[in-house]
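One structure below.
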2 protein chains.
Amino acid sequence: MPTHHPDLDRVAVEDVLAALGNPVRISIVRELAGSAGPRSCGSLPIEVTKATATHHWRVLRESGLTRESRSGREKQITLRTAELDARFPGLLAAVLAAAPPREP
Amino acid sequence: MPTHHPDLDRVAVEDVLAALGNPVRISIVRELAGSAGPRSCGSLPIEVTKATATHHWRVLRESGLTRESRSGREKQITLRTAELDARFPGLLAAVLAAAPPREP
DNA sequence: ACGAAAGTACGTAAGACATCGTACAGTACG
DNA sequence: CGTACTGTACGATGTCTTACGTACTTTCGT
């Protein structure tokens, strides 16, 4: 079964938002956005176990945010930046531009 | 205990996204955005029971998306549009501009 | 004062979600 | 070939979410 990547035209914005509405996943997305181009999964700074990471990668992929591919034993993951901006103009940029919350 | 509205500077973007990542809530937000100004809760087209609606209104309020007030026995609810745009520039606009998914 | 209306509080149930450990599969390298 | 490495599959578990019914509070009309 080849890995499935949804057609963005069929994705609802609330599903993208739900995928982004998780601290682990948004940190992955920020990391991917920080380095234009594919990134090997192993190089992502992740604070959960491998099994949990796999789960989050799948949620991101199924929501249409990322694209996955395989090279050797490593998985590569990319943000679908251009496609996302065509489907939801300005959304990803606005999310990525968000300043962190004030602490106290 | 007066109703609490968070200071948006202390809100993390992923919490706003999580609040928006639900079909009932995003439809409330779209409705509020469609009519600039406060809206009485009873006038919102909602497809859940009153108890569930109360739950969603609270999630929206606690995430910083809406402001609530009381007039008589009716509750008024507003989108914190300007504040949100100052804290997360372009985010709400991008979300609201999203086209619905293609059906088939 | 009484009854209807608008929400809320509370308890509860079903389902989704995040997380992990362990076992497994595929690939690379010696 | 055997071992190490990368990630997946599966199953378990605890927590969070969504949803509801019912009972209650407050407020408005009459």
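Computed from a prediction, not measured in an experiment: that's the story for all the values here. Sequence lines set the chain letters: A, B, ... in the order given, protein chains first and strands last, and positions in each chain run from 1.
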So, [X] side chain and [Y] main chain: donor-acceptor pair closer than 3.5 Å or not?
{"X": "B/R87", "Y": "B/V11", "value": "yes"}
{"X": "B/H4", "Y": "B/E62", "value": "no"}
{"X": "B/D9", "Y": "A/P101", "value": "no"}
{"X": "A/R25", "Y": "A/A19", "value": "yes"}
{"X": "A/D85", "Y": "A/G90", "value": "yes"}
{"X": "A/T66", "Y": "A/R61", "value": "yes"}

Rounded to 10°, the helix from C/dA1-D/dT30 to C/dG30-D/dC1 deviates from straight, judged by its five-pair end axes, by 20°
Counting primed atoms plus P, OP1 and OP2 as sugar-phosphate and everything else as base, spell out the protein contacts along nucleotides 1-18 of chain D at 4.0 Å heavy-atom distance: B, S or - for each nucleotide, 5' to 3'.
---BBBBBB--------B
Would you say a side-chain N or O of A/T49 is under 4.0 Å from OP1 or OP2 of C/dC20?
yes
Gap between atoms NE2 and P, on B/H4 and C/dT8 respectively (whole Å)
17 Å
Please give, in whole Å, the distance from C/dA18 P to A/L20 CG?
13 Å
A/T52 vs A/V24 side-chain heavy atoms within contact, under 4.5 Å:
no
pair A/L17-A/L91: side-chain heavy atoms closer than 4.5 Å:
yes
